[in-house]
Structure formats: C-alpha cells, structure tokens
Amino acid sequence: MTEPLTPQYHPAQIERDLYRWWMARGLFTARRDSGARPYVIMMPPPNVTANLHMGHGLNNTIQDVLVRFERMRGREALWLPGTDHAGIATQNVVEREIAKQDGKTRFDVGREAFVARVWEHVNETGATILDQLKAIGASCDWSRTYFTLDPDLSRAVREVFVRLYDKGLIYRGNYIINWCPRCLTALSNEEAEKEDQDGHLWHLRYPLEAGGFLTVATTRPETMLGDTAVAVHPDDERYRRLVGTRVLLPLADRSIPIVADEGIDPAFGTGAVKVTPAHDPLDFEIGRRHGLPAIDIFTPDARLNENVPERFRGLDRFDVRRMVVREFEALGLLEKVEPHRHAVARCYRCETVVEPRLSEQWFVKMAPLARPALEAYRDGRVRFIPERRGDDYVQWMENIRDWCISRQLWWGHRIPVWYCDAPGCGRTSVARTDLEACPGCGGPVRQDEDVLDTWFSSWLVPFSSLGWPDETEDLRAFYPGDALVTAPEILFFWVARMIMAGLEFMGDVPFHTVYLHGTVRDTRHRKMSKSLGNGIDPLEVVERFGADALRYTVVSGMAVGTDLILDPKDLDTSFATGRNFANKLWNAARFILNNLEGQTRPLAGRSPDVVRTEELALADRWIIARCDATVRTATEAYERYRLNEAAGAIYHFLWSDLADWYIEQVKPRLYGDQPGGDVARAVAAQTFDVALRLLHPIMPFITETLWKRMPGRPPEASISTAPWPSPDVRAADGAALRDFALVQEVVGAVRQIRAEYGIQPGASVRLRLERRLPSVISELGTIQRLAKVAEISFGTPPAEPGGHAVLSDGTGLFIPLGDAIDIERECTRIGGEVNRLRRLIDGQQRKLNNEDFVSRAPVAVVEAERTKLASWLEQADALAAKLDLLGCGDGSRRTGGRNGD
RNA sequence: GGGCGAAUAGCUCAGCCGGUUCAGAGCGCCUGCCUUACACGCAGGAAGUCGGGGGUUCGAAUCCCUCUUCGCCCACCA
C-alpha cells in the first residue's frame with residue numbers, strides 16, 4: 001500500500017482485496033465476551049435460488065450502514081445472514097429444470113429423488129447471493145450464516161409446532177383455502193395477492209320447480225356446476241315466498257333448495273346468490289349454516305372432475321366458463337352480462353388465478369398470538385419507520401385470520417404429524433422426533449405428506465438462528481435484537497409473525513424498530529422486475545462504478561418512506577454522483593496525503609488540541625467548526641434513520657467546504673512559502689479523518705483505503721472499528737463560521753463581477769473594500785488568490801468606472817474596470833439587485849409594522865426579523881449610492897448611505 | 001368499498017413541529033477555464049406563480065377543506 005495513488009479512483013482494484021482483508025481480520029464476527037452492548041440486525045434471508053437484484057442492493061446497503069454506524073459507536077455488532085429454503089419458489093425452479101431437461105414432472109421423479117434433486121440444486125447455486133452481498137460490502141457475520149432447513153432450525157420448527165399444537169393453537173380442518181392450480185398447493189391468505197381486474201357479471205336464470213325463474217348473478221359461471229342451493233336475504237320481499245321451494249339447476253339437472261341467509265346483500269346483483277360451498281368462502285359458511293352438501297367440481301389443476309356432466313370433464317375451468325355461458329344462452333337462460341371490475345386473487349409465486357377450494361389443511365389459530373403483538377406496538381415496544389406503517393400492522397392484527405400452514409409440496413419442513421391407520425386406533429400423533437410406531441397401539445404409522453409454509457420457519461429466525469430451543473450463549477447475548485430492515489411487502493408474511501413468535505416463545509419482541517424502506521422502481525415508477533426487463537444488475541454497477549458509488553446513490557437517493565427511482569437505461573447518469581464523489585474523495589486524499597510528508601505535529605485524534613489555538617488561522621477555525629457541525633448533523637441523521645440527510649451533510653462538507661474552500665485556502669501554507677504549514681497539515685488531516693469516519697458506513701471501501709494510508713496508522717487498524725467522532729464544544733466556533741462566510745462572500749462577489757465582464761482568467765484586478773473588515777484582513781491572501789486580486793485597498797471607492805457589489809453586512813465593494821465597464825449593463829445589474837432588496841424590504845416593513853406580528857410572534861423571531869430588515873436596508877442603500885455614482889440612480893436612497901471607515 | 005401516501009426547477013428528489021434559505025441539492029443545460037489533488041474537475045449562470053381551487057392566520061411550499069393525477073395497503077358484495 002505504499003505506491004502513490006493514481007489520479008483516478010479505480011474501485012475494482014481495491015474493493016475485492018479489502019473485503020478479504022476485513023474477513024481475515026474477523027472484523028464482522030460478533031463476540032459475546034467483548035463487554036460491549038450488542039447491536040443486532042437479522043438479515044431478511046434471501047431465497048436460496050435468488051440472485052442479487054437492486055432490491056437486495058437497497059435493503060442490504062441500508063442494513064450495512066446501520067450496522068457499521070453502530071459498530072463504530074462501540075456496539076458489538078451482529079448482522080446475521082442466512083438463506084431461506086423458499087418452499088414454492090425453489091420447488092418451482094427445480095420443477096422447471098427437470099421439465100426442460102428430462103421432460104418429467106416431479107411425480108415422475110418421485111418424492112425422495114425429487115427432494116434430493118432440489119438439495120443438489122441448492123448446494124450448487126445455494127449461497128451465491130451471499131457471495132454477491134460481499135461485493136457490495138455487506139459486513140455480515142458469516143461465521144453464523146444459517147439456512148432455514150438446517151438441522152438446528154428444523155428442530156426449532158418442530159418444537160414450535162408441538163408447542164402450539166399442545167396449546168391448542170394448531171388444528172387441522174376442512175375449510176375453503178386458496179389453492180394454486182399450477183403449484184398444486186394450498187396458500188395462505190397473504191400468499192394470494194388480490195388485484196382488481198375487469199370481468200363480467202353474468203345473470204343466470206335458474207328455473208323454479210314451481211314455474212318461472214330465479215335469476216342469480218355470478219362472476220364465475222363455471223362454479224354453478226357445484227351449486228347446492230340458492231340463497232336470498234330473509235327480509236327480501238321479492239324472494240320471501242320462494243324460500244323453502246326449489247330450483248332445477250340447469251346443465252347439472254339437480255334440484256336444489258332456496259334458502260334464506262343473513263349474509264346476502266339484497267342490493268347487489270339480483271339479491272339471489274348461487275351457493276357453491278366447495279368453492280367459495282361465503283358459500284361455505286352458508287352451506288354450513290344450512291346443512292348443504294359441498295360438491296367439489298375441480299381436479300387439483302382446476303379442470304372439471306367426475307362430479308360434473310361428462311361433456312365438461314377434464315376441461316379447463318376457463319373453457320368451461322365459456323361453455324356454461326354459451327349453453328345458458330342457448331337455453332334462453334342467460335338474462336344479461338354486465339361488465340364488472342372485481343378483485344381476482346393470484347398466486348404470489350406464479351401469478352396463476354387462485355381457486356378457492358375446500359380441503360383439509362393445518363392451521364394456526366392466530367388471534368391469541370396477535371393480541372400481545374398488538375399490545376407490543378401500542379405500548380411502544382415496537383415502532384415503525386415511517387410511523388404510518390404501524391397502521392397497516394394494526395389493521396392486519398385486528399382482522400387477523402387463521403394461518404393455513406400446510407403446503408402440498410415436497411420441498412420444506414415435513415409436518416411432524418403421524419397417523420395410525422390401525423383399526424380401532426386411528427390416533428394422530430404430533431412429535432418432536434420422527435415416530436416409528438403409534439404411541440397408542442404400537443402399530444405402523446405414516447407421516448403427514450405435507451410440508452409447512454416457508455414462513456413457518458422464517459418467523460422463528462430471530463431466535464432459531466441463535467440456537468433456540470437450546471439456551472445457547474448466543475441466544476442469551478443477542479436476543480432480542482435491535483432493528484429489522486425490510487420492504488413493506490413482507491410486513492405481514494414475516495415481520496408481524498416474527499413479533500408474534502418472539503413474544504410467544506421468547507417472551508419479548510425480536511426487535512424494537514422496524515424500518516420499512518421503499519421499492520426500487522424505474523423512471524416510469526414501475527417496480528423493477530425480471531419479467532419487465534427493467535432491472536439493474538447491482539454487480540454490473542459495482543463492476544463499472546464501484547460498490548461505494550452504488551451505495552452512495554442508493555442511500556442519498558432515498559428519503560424515509562419514499563421509493564428509489566433509477567433509470568435502468570442510463571446507469572451513467574444514475575450512478576455518476578456516487579462515482580464522482582468517490583473520485584473527489586480520492587483526490588482530496590491524494591492532495592492531503594502528498595502534503596503530509598515532513599509533518600511534525602501529531603495527527604491522531606481530532607480535537608483542536610492538536611494545534612495550539614492561537615496558531616489557528618480563521619480558515620482553520622472555520623473548517624474545524626464546519627467539521628464539528630457535520631459530526632452533529634450526520635450523527636443525528638444516522639440515529640434517526642435519515643441516511644440521505646447524513647449522506648448529504650457529509651458530501652457537502654467534503655466537497656464544498658473541505659475541497660473547494662479549505663484545501664484551496666491552505667495551499668500556500670503547504671507549499672512552504674508561508675508559515676503555518678504544520679498547522680494546516682494537522683487541521684486538514686484531522687478534519688479529513690473525521691469526515692472519512694462519518695462517511696464510512698455509506699462508502700466503506702474508499703474510506704477504509706484512504707484512512708489506512710493516513711500516517712501513523714498501525715497496519716492492523718481498520719476504520720470500521722475506529723471510534724465514531726463526537727462533537728466538541730470547543731470546536732463549535734460560531735464566530736469563525738460567520739467571519740469566514742464573509743470572506744467567501746468577498747471572493748464570490750469578485751468572481752461574479754469578473755465573470756460578468758468576461759475578464760480574462762489570467763488577469764488580476766484591484767479590489768476596494770469600503771470597510772476594513774477584520775476577517776477579511778486576516779484572510780487577505782486567500783481572497784487575493786481565490787479571486788485573482790492583485791491588490792486590496794480600503795475606503796470609499798474612487799469616482800471611476802467599475803463593478804460594484806455589497807456584502808450581506810452592508811460593506812460596499814468596488815473593482816475598477818476602466819474601459820471594460822459597460823455602464824448600462826452595470827446599472828441594470830445593480831438596479832435589479834436594488835429592486836429585489838426593495839421588494840424584500842417592503843414586505844419586511846409591513847410585517848414589522850403589523851401590531852399583531854410584533855405582539856404575537858416570539859421575541860426572538862421579531863428580533864431576527866428586525867436584524868434582517870436592517871441588513872437589507874443597509875445593502876439597498878449602499879447599492880443605491882453606487883447607482884448614483886454611476887449616474888443612473890433614481891435618488892431614492894433612504895439614508896445618506898455609508899462611507900468607508 | 002374502506003384506509004393511507006405522493007404531487008416542489010427538464011429529470012431524480014430535500015425542505016421535520018407555519019416566521020431564522022428573500023424556495024435548495026445532484027444530474028442535465030448555457031458561458032469561461034486542461035489554475036502542478038481531481039475535466040469523474042474549477043469558476044460563473046439560466047431555470048420553479050412549490051398540481052388546481054378555496055379557507056385558517058399578522059404571515060403558508062409548510063395547517064384545514066375540496067378537486068385532479070399517480071401510487072400503496074386492506075376487503076368473502078356473489
């Protein structure tokens with residue numbers, strides 16, 4: 001690391017090696033015995049088969065920023081990574097694979113061989129996403145990486161199943177569940193995503209046995225083949241006489257009763273509803289209330305089964321829908337068809353339209369678990385960022401429905417239930433370890449065929465990943481954790497359930513803060529996705545711009561509660577700021593480091609003590625004060641999860657303050673032709689050091705690289721465990737901030753006049769200031785150099801053509817321009833400025849003359865407003881005087897103006 | 001059908017509890033500069049009636065109402 005820095009920053013050369021070095025040093029491994037307070041974040045475990053996309057990039061960058069921030073603040077940081085076996089998703093991938101390769105289904109392969117095949121796939125491609133996370137700098141504790149199907153976590157799953165079963169919170173039963181006809185499994189309510197869709201409302205006539213018709217309205221005509229009743233509201237006058245009579249169900253030629261049920265809304269459709277207990281939740285309830293049979297008319301893949309007339313059998317549900325409508329029409333029984341927009345549920349994994357289906361499944365009774373979880377939110381043990389997300393949580397918890405946890409899949413945790421088929425026994429056993437025989441009769445048992453919902457293992461992760469149900473050291477040390485960072489999409493799938501499980505099994509919430517960030521979208525605000533082809537590959541970004549540029553872009557581009565919009569078609573624009581900033585940093589470091597040779601002052605630490613106060617120039621005091629202010633702003637922003645604000649504050653400090661002003665100011669001193677070089681070197685090094693540390697959570701690679709090159713750094717030292725800078729009252733130097741701002745104003749005013757009149761860059765000008773401002777005098781050389789001023793004099797400007805300006809404190813400023821001056825132009829320029837000030841002054845005077853304002857507004861506010869007015873008046877007067885001088889004044893000066901001191 | 005959020009320069013967004021920014025940043029754009037850290041740079045500049053309308057207030061981008069447009073969450077109206 002001794003070769004000189006190149007003029008351009010090339011992240012790729014550095015990042016990989018640096019990450020290895022971090023790993024080798026074990027910097028991300030959490031220690032139980034450090035004595036430091038732990039800070040724990042559980043990574044939302046990506047699916048085993050997943051590849052890193054921008055969503056992961058965003059999610060994990062935020063987590064890494066928080067973790068690195070707390071680590072530097074002295075917490076024992078544990079960011080625990082893992083992967084999720086992702087039942088349906090992974091099984092689908094492998095099913096597609098064998099279908100493509102061998103043209104086989106999983107049933108052709110057989111359960112055991114299929115599961116073996118999935119394991120093979122998982123072992124091959126399993127943890128690639130975790131490796132990809134390393135490329136963006138994720139400081140996870142890889143030594144504790146878990147997989148949700150690991151033996152330890154599987155043991156936790158069984159333990160939980162048994163405990164909930166024993167407590168009566170797990171039950172098995174026949175209910176209408178969401179069925180995916182493509183994945184061939186039950187889904188939970190959360191896994192069935194509803195989406196409004198344009199459809200139709202078909203009005204079908206059912207012939208009354210007594211003659212005439214009763215018209216029902218339906219969005220799914222095909223289900224009429226499973227109808228076992230028609231229901232009307234008991235108070236519906238139109239149908240009251242018909243209740244108790246029967247209709248002849250067309251096509252199926254069955255006689256079915258007309259029943260009265262409170263659940264019917266007389267105002268919708270015709271007020272008469274066809275009842276299909278096997279294929280609709282409401283109909284199922286009605287069926288139960290009236291003792292109606294349920295006729296299942298579908299096969300698992302949503303074709304019509306043997307319970308319907310021959311001609312429909314084996315056909316797809318949507319084809320049958322069309323056939324049924326056609327046949328009703330032919331029979332003159334189709335009354336009308338209305339366009340109708342309604343919610344259609346789709347499988348969250350394959351988007352197939354979900355079919356409500358009556359089947360026997362396992363459920364978790366959720367209400368008893370929800371109560372404490374709701375309580376924990378209400379009394380503040382869990383909070384959400386942004387806060388409003390808490391409303392979603394409450395709504396879900398308050399209307400919680402039982403959780404269907406069985407899946408007709410092969411990939412996952414097998415349900416730990418064994419059935420005994422022995423005649424006279426028939427016992428159902430739930431067990432922590434596999435059963436060989438029935439505990440009741442000793443006869444042979446068979447295990448339930450189904451597996452558990454993937455989320456049934458995920459919801460335990462905050463403690464199962466730490467060794468639960470054993471009382472491990474890790475569990476004692478790292479539960480409960482601190483923050484949970486994720487996308488709002490999995491609030492119910494995962495976050496809410498983790499809170500429930502934490503309270504139920506650990507007696508405490510798993511984290512106190514849930515930070516729900518936005519979604520990565522393209523410029524048309526569409527979610528980035530593989531199918532839309534609008535994704536951005538984070539690895540490509542890392543390759544081209546560096547991980548730090550990616551991270552900076554992501555962090556600075558997203559405020560709390562907003563989405564991150566990126567343009568997949570223009571990566572250069574999207575990531576330029578981050579890359580440019582890294583390059584700027586690199587070059588600032590190049591400058592500072594190259595000039596540190598021969599440094600005699602100590603550089604460690606950051607307090608102003610490193611140099612004696614009386615030796616500090618105004619610029620030194622100013623940059624130290626700015627640095628201190630940045631420490632305060634950035635620290636508070638990190639604490640409040642306002643990462644974009646932290647990024648902005650540090651960016652501004654490094655670029656505008658340190659690079660544009662301080663480094664420019666300091667050059668002569670460093671080049672040795674002026675005294676105070678050591679002081680400048682020490683201050684530059686020290687403030688840069690602080691800024692690097694503030695920035696490290698966001699841009700870990702470049703900050704580490706540069707920090708390590710600072711003189712006197714032990715080779716094993718890492719910025720990632722360097723102490724977080726703390727604010728210093730002695731550095732908060734308000735006077736220095738004000739005074740140097742005036743210096744900046746002078747330079748700015750001169751530059752503006754120069755640009756306005758197109759003065760050659762090489763040419764210097766003379767500057768006349770009306771007052772001998774102490775701050776200006778102390779930085780005369782700075783002004784001369786940065787504004788290219790040959791000579792500064794003080795006093796009333798001479799009566800000659802030139803450019804004029806007024807500083808915010810009312811001090812006039814003049815640059816003689818001789819022939820270069822364009823009087824008219826100058827008059828217009830200054831006149832505009834005067835008018836602007838006059839408008840402000842008018843408003844301000846109205847405000848201050850207003851009795852209500854003066855009496856009601858806080859004294860401090862009124863005082864500040866008075867000061868502002870005075871300053872504007874002074875500026876306006878000074879400028880008006882200048883207009884007079886140029887011969888274009890309107891004689892409107894309010895006072896006599898001011899003369900030089 | 002309920003509930004919520006957003007609408008600020010060409011683009012992506014900051015502007016928290018109304019006065020202490022006379023509306024800001026980055027990118028883009030225009031004008032000069034290869035000034036020995038950086039052209040992924042430096043200096044200067046143009047650009048917004050803060051979505052429309054109404055209200056509260058001495059004072060509103062900032063609070064209230066309403067409309068429009070886009071999102072999101074929830075929901076067994078077939």
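Side-chain atoms are counted along with the backbone in the values below, which use heavy atoms only and exclude waters and symmetry mates.
Rounding to the nearest 0.5 Å gives a distance of 5.0 Å between CG of Leu571(A) and CZ of Arg544(A). Note: Arg521(A) CZ to Asp567(A) CG = 15.5 Å, rounded to the nearest 0.5 Å.
Comparing G15(B) with G48(B), their C1' atoms sit 14 Å apart, to the nearest whole Å. Nucleotides U57(B) and G18(B) place their C1' atoms 9 Å apart, quoted to the nearest Å. Taking the P atom of each, A14(B) and A9(B) are spaced 12 Å apart, rounded to whole Å. Look at the P atom in both A46(B) and C70(B): the space between them is 36 Å, to the nearest Å. Of the C1' atoms belonging to U62(B) and G19(B), the separation is 11 Å, rounded to the nearest Å. Distance check on atom C1': U36(B) versus C42(B) gives 14 Å, rounded to whole Å. With both ends at atom C1', the span from G44(B) to G52(B) equals 37 Å, rounded to whole Å. Annotation: C50(B) and G24(B) have their C1' atoms spaced 12 Å apart (nearest Å).
Between His652(A) and Phe581(A), the distance from one ring center to the other does not fall under 6.0 angstrom.
Contact annotation for Ile663(A): base contact, defined as any heavy-atom pair under 4.0 Å involving a base atom. Across all strands shown, Glu664(A) has heavy atoms under 4.0 Å from base atoms, whether or not it also approaches the sugar-phosphate. The residue Tyr393(A) sits apart from the nucleic acid: no heavy atom pair falls under 4.0 Å. Using a 4.0 Å heavy-atom distance criterion, His340(A) is classed as a sugar-phosphate-only contact. Backbone-only engagement by Arg751(A) is indicated by non-hydrogen atom pairs under 4.0 Å involving sugar-phosphate atoms exclusively. Among the protein residues, Gln760(A) comes within range of no part of the nucleic acid, since none of its heavy atoms lies under 4.0 Å from any strand. Residue Arg640(A) is classed as a base contact, given a heavy-atom separation below 4.0 Å to a base. Across all strands, Ala589(A) comes closer than 4.0 Å to no nucleic acid atom at all (heavy-atom distances). Asp660(A) comes within 4.0 angstrom of sugar-phosphate atoms only, judged by non-hydrogen atoms across all strands, and of no base.
The two residues His279(A) and Ile176(A) come nearest to each other via the heavy atoms N-CD1, 3.9 Å. When all heavy atoms of Ala192(A) and Val354(A) are compared, the closest pair comes out as CB-CG2, 4.3 Å.
Listed nucleotides G26(B), A37(B), C40(B) differ in distance to Ala588(A); the shortest reach to its side chain belongs to A37(B). Checking A78(B), C27(B), A43(B) against every side-chain atom of Thr577(A), the shortest atom distance belongs to C27(B). Comparing A37(B), G26(B), G71(B) against the side chain of Arg521(A) picks out G71(B) as the nearest. Among the nucleotides A78(B), C27(B), U12(B), the one closest to the side chain of His342(A) is A78(B). Proximity note for Ile264(A) (side chain, C-beta onward) versus A75(B), G71(B), A78(B): the nearest is A78(B).
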query: According to the Watson-Crick and G-U wobble definition with distances under 3.5 Å, which dot-bracket string, read 5' to 3', encodes RNA chain B, using [ ] for crossing pairs and | for pairs with another strand?
result: (((((((..((((.....[....)))).(((((.......))))).....(((((..]....))))))))))))....

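Comparing Gln8(A) and Gly269(A) by the nucleotide of RNA chain B that holds the closest heavy atom to each, the one mapping nearer the 5' end is Gln8(A). The nearest heavy atom of RNA chain B to Trp655(A) and to Thr219(A) marks one nucleotide each, and the one closer to the 5' end goes with Trp655(A).
His279(A) places its NE2 atom 16 Å from the C1' atom of C76(B), with the value rounded to the nearest Å. Rounded to an integer number of Å, the gap from Phe493(A) CZ to C73(B) C1' is 13 Å. Summarising the geometry, the separation between CZ on Phe268(A) and P on A75(B) is reported as 18 Å, rounded to the nearest angstrom. Between the P atom of G44(B) and the CD atom of Gln744(A) lies a distance of 11 Å, rounded to the nearest Å. Between the C1' atom of C42(B) and the CH2 atom of Trp661(A) lies a distance of 12 Å, rounded to the nearest Å.
Taking the ring axis of Trp179(A) as reference, the NZ or CZ atom of Arg346(A) does not stay both within 45° of it and closer than 6.0 Å to the ring centre. For the pair Lys667(A) and Phe591(A), the distance from NZ or CZ to the six-membered ring centre is under 6.0 Å and the angle to the ring normal is within 45 degrees.
Taking only side-chain nitrogens and oxygens, Arg401(A) comes nearer than 4.0 Å to OP1 or OP2 of A75(B). Contact annotation: Gln752(A) side-chain N/O to A43(B) OP1/OP2 distance is not under 4.0 Å. For Asn580(A), a side-chain nitrogen or oxygen approaches OP1 or OP2 of G41(B) to under 4.0 Å. In terms of phosphate contacts, Lys667(A) brings no side-chain nitrogen or oxygen within less than 4.0 Å of OP1 or OP2 of U35(B). Contact between the side-chain N/O atoms of Trp586(A) and the OP1/OP2 oxygens of G41(B) is not found at any separation under 4.0 Å. For C76(B), the OP1/OP2 oxygens have a side-chain nitrogen or oxygen of Lys194(A) closer than 4.0 Å. The phosphate of C42(B) has OP1 or OP2 within less than 4.0 Å of a side-chain N or O from Lys584(A).
Put simply, the side chain of Asp283(A) never gets that close to the backbone of Pro277(A): no donor and acceptor are under 3.5 Å apart.
Below 30°, between 30° and 60°, or above 60°: for Tyr651(A) and Trp655(A) the angle between ring planes is between 30° and 60°, a tilted geometry.
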message: Set out, in order, the CA-CA distance, both residues' side-chain angles and the distance that settles salt bridge (Lys or Arg N to Asp or Glu O under 4.0 Å) for Glu190(A) and Arg401(A), then state yes or no.
response: CA-CA 10 Å; Glu190(A) 288 71 28; Arg401(A) 289 190 272 162; over 6 Å; no

query: Does the pair Asp236(A) and Tyr239(A) meet the rule for a side-chain contact (heavy atoms from CB on, under 4.5 Å), with working shown?
result: CA-CA 6 Å; Asp236(A) 195 330; Tyr239(A) 304 120; 3.5 Å; yes

message: The test is side-chain contact (heavy atoms from CB on, under 4.5 Å); show your working for Thr276(A) and Thr228(A) and say whether it passes.
response: CA-CA 6 Å; Thr276(A) 322; Thr228(A) 54; over 6 Å; no

message: Output one letter per nucleotide in nucleotides 1-6 of chain B: B when a protein non-hydrogen atom lies under 4.0 Å from the base, S when only the sugar-phosphate is that close, - when neither is.
response: -B-SS-

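For Phe575(A), the ring-ring contact (aromatic ring centres under 6.0 Å, His included) partners two or more places apart in sequence, or in a different chain, are Phe545(A).
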